[in-house]
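Each chain gets a letter, A, B and so on, in the order its sequence line appears, and its residues count up from 1. When reading the values below, keep in mind they use all heavy atoms of this one structure, side chains included, and skip hydrogens, waters and symmetry mates.
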Protein chains: 2
Amino acid sequence: MEDQKQKLELVKKPTVNDIARVAGVSLATVDRVLNRRPGVRAVTVQKVQKAIDELGYVRDTAAANLARNRVYNFLFVLPDTDNEFVEAINSQIAEQSRDQFIERTRIAIKKVAPFEPQDIVNILDAVVSLDVDGVAVFGPETPSVRDAVKRLRDKGVPVVALVSDLPSSERDHFVGIDNVSAGRTAAQLMGRFVHRDGKVLVLTGSRLARDHLERRQGFDLVVAEEFPHLEVVASVEGRDDPDLIYKMMPEIFETYPDLVGIYSSAAGNAGLIQFLSENKLSKDLVIIAHELTPLSREALTLGTFDALISQDTGHIVRSAVRLLRATSDKVPFNKAQERIRIDIYLKENLPP
Amino acid sequence: MEDQKQKLELVKKPTVNDIARVAGVSLATVDRVLNRRPGVRAVTVQKVQKAIDELGYVRDTAAANLARNRVYNFLFVLPDTDNEFVEAINSQIAEQSRDQFIERTRIAIKKVAPFEPQDIVNILDAVVSLDVDGVAVFGPETPSVRDAVKRLRDKGVPVVALVSDLPSSERDHFVGIDNVSAGRTAAQLMGRFVHRDGKVLVLTGSRLARDHLERRQGFDLVVAEEFPHLEVVASVEGRDDPDLIYKMMPEIFETYPDLVGIYSSAAGNAGLIQFLSENKLSKDLVIIAHELTPLSREALTLGTFDALISQDTGHIVRSAVRLLRATSDKVPFNKAQERIRIDIYLKENLPP
DNA sequence: ATACTTTTGAGGTTCGTACCTCAAATTGCC
DNA sequence: GGCAATTTGAGGTACGAACCTCAAAAGTAT
């Protein structure tokens, strides 16, 4: 009944030649329309456009990139800290550079002094003279950075914001988690994990960092709404500095002897971990921290930390690259694939 | 000092021509070696191989696929149920088919009667006569299925196991979560969320499904190790059937009046949800279920469920396709990217 | 050394697209 | 209607690799 050697589907994609045939024009004209080259009358453009729509033509990017010998040059602008999370992003970029290389994309990294908006601005302004097809920025949302991003985009360079959003600028995309939700998630876990009445401390990084503020905000909301047995005390700014955090802890425990939980919403966990283990405090306290790193992973495994809220740095980097490429090619992308999840890690679901 | 129009990097990939030049042979010979065509002396093969290694040549798959006009034909074998999770995978495949189409890959779906290994075997054996470049199987691990997978692989067809592993067969990859860890994760959440002493029920699907067994196993281990205040009672088999589950619930609550939690480790949540809301039981019970679906999402939002353990169906499908392609091309893949995470969802970190 | 076999090289075509040139056709304008 | 400007077509080359053919070169056997 059936063919003996059957194909599952034999449909094939329309090509530029099909468009030319259907539109009743020459290949050269189709090419002019597709690549927005001048010298085509509006009527003709419409004829071609109609044929494209009818056929459902989609440009074969692989062939196109081959033909034009295209190479995507992307630049990642990262804060120059020894922060474990930034380091993870850094090494993800390095790692994935190899794979990206064979896919015609080259990635460069520029480190800028943290909390130095002017440094970022200078780099962004220098980009146009370089041969850069897209920029990913991990930096603070200051007016000057915002304007620099705008300037870049006005010159046609795609820009994505990494980890910390720059909503007021006109960045093409944001690659990272919703930090209010992250804070809410931390609060829900805290509320559920803590069985006693008491105070909860939020250890934050900087009042200037948008992501830290948002986490705190989300955390407070949920504790207030759902967990009356907890009281969130004023944030402590650790400036992402392990030493500073370590030094601040004794005073905090003097001030709040009835502390039942700590939400470490920023970096610098090393100081916290050191203090807790030296004072054997982890058993009595619920600690929820951010970002899965070698250090936090160990703390979770040993029971020093009770849960981690995290975002997958590998995913972030891949997503940023895909989005820059799609934006550069003016091509749609898969929204669900680019959504960065708010990961919750317990010691039981750590990746191997 | 510097060029005024500088490129960030100017390195370019070696091509087949570079190999020919370095090896001191002709392009035709390089081609013969690369594509394992006969008629090349061993010495010459080695010369070419040496040049390839020296240059770090990597085949440009895009160009190669273009030249040979390659199309990947993949087949997904799924159980034919109205189960929400399988439905989600199904629609992910359909959705992504569009994107995959433009990337030269065609995906077909075959539904097989659930719990009918023979049906799967028949399909797998029929595959060889079709023009199929890879198969993804979501099915039970029975000896006959295992052998059929082996047969397929012996004929050079890549096979990946989906969601439920077929470790004893020689599937090329497993795309899914570690279900023992998933069970452990559920237990940890249960132990932390339940503050009273009492019994915990595990609602499972079938004793035959490997994934369900593993979840139960992981769950029991962690409860036993860490949460002496809880007692896990004998599993109840819901056969993924909402109606059956709904009907069984009253008897369960009679038998265990001191139930404090339910771990719904399989499908059929609709029956559980209906029973719980009709009897307003959700407040007193901690419910942890599996898989983020419209139904479970709503239950989580309303507070009927307290947490979900999930795996991203979109990721699973994309990963399966990437792995089939990589296996088919005998090309390496990014292990970290293909790892399916054990997602934990609270109502706070649900995707929008 | 001759005949024969195996290996190698040179060259071409194809895939789908980009981009270029030059000539021919069409259009607009006075 | 005539002229210039604009638009269109025809054709070629290139990208990197696959695959094909045919002839030349090298190796092997007698």
N-O pairing of Arg106(B) and Asp133(B) below 4.0 Å: no
To the nearest Å, give me how far apart CG (Asp18(B)) and C1' (dA17(D)) are. 13 Å
Does atom NZ of Lys111(B) have more than 12 heavy-atom neighbours from other groups under 6.0 Å away? yes
Answer yes or no on whether Arg70(B) is positioned over the face of Tyr72(B), meaning its NZ or CZ is under 6.0 Å from the six-membered ring centre and within 45° of the axis. yes
Sorted by number, residues from residues 38-50 of chain B placing a heavy atom under 4.0 Å from DNA chain C are Gly39(B), Val40(B), Arg41(B), Thr44(B)
Can you list, by residue number, the residues of residues 26-36 of chain B that have a non-hydrogen atom closer than 4.0 angstrom to DNA chain C? Ser26(B), Ala28(B), Thr29(B), Arg32(B)
Please check if the side chain of Asp329(B) supplies one atom and the backbone of Val331(B) the other of a donor-acceptor pair under 3.5 Å. no
Under a 4.0 Å heavy-atom criterion, DNA chain C is touched by chain B from dT7(C) to dG16(C)
Just by distance, with hydrogens left out, do Arg59(A) and Asn35(A) show a side-chain donor and acceptor under 3.5 Å apart? yes
Under a 3.5 Å distance rule, please check whether Thr327(A) uses its side chain to pair with a backbone N or O of Leu323(A) as donor and acceptor. yes
Checking the side chain of Asp119(A) only, and the main-chain atoms of Val112(A) only, is there a donor and an acceptor separated by less than 3.5 Å? no
Salt bridge present between Lys13(B) and Asp18(B) (N-O < 4.0 angstrom): no
Under the criterion side-chain contact (heavy atoms from CB on, under 4.5 Å), which of Gln96(B), His315(B), Arg318(B) is the partner of Gln337(A)? Arg318(B)
Under 4.0 Å, heavy atom to any atom of DNA chain D: which of residues 55-69 of chain A qualify? Leu66(A), Ala67(A), Asn69(A)
Under the criterion side chain to side chain contact (heavy atoms under 4.5 Å, CB included), I'd like the reasoning laid out for Glu141(A) against Asp165(A): C-alpha separation, chi angles, the key distance, then a yes or no. CA-CA 7 Å; Glu141(A) 183 202 17; Asp165(A) 199 3; over 6 Å; no
Angle separating the five-pair end axes of the helix from dA1(C)-dT30(D) to dC30(C)-dG1(D), nearest 10°, is 20°
Look only at the side chain of Arg153(B) and the backbone of Glu170(B), and say whether a donor-acceptor pair between them is shorter than 3.5 Å. yes
Quick one: salt bridge (charged side-chain N to carboxylate O under 4.0 Å, His left out) partners of Arg104(B), sequence neighbours excluded? Asp60(A)
Glu87(A) backbone acceptor or donor facing Ser91(A) side chain under 3.5 Å: yes
List the steps, then state whether salt bridge (Lys or Arg N to Asp or Glu O under 4.0 Å) holds for Arg341(B) with Asp312(B). CA-CA 8 Å; Arg341(B) 292 194 264 304; Asp312(B) 187 316; over 6 Å; no
Return yes if some donor-acceptor pair links the side-chain N/O of Thr29(B) with the main-chain N/O of Val25(B) below 3.5 Å, else return no. no
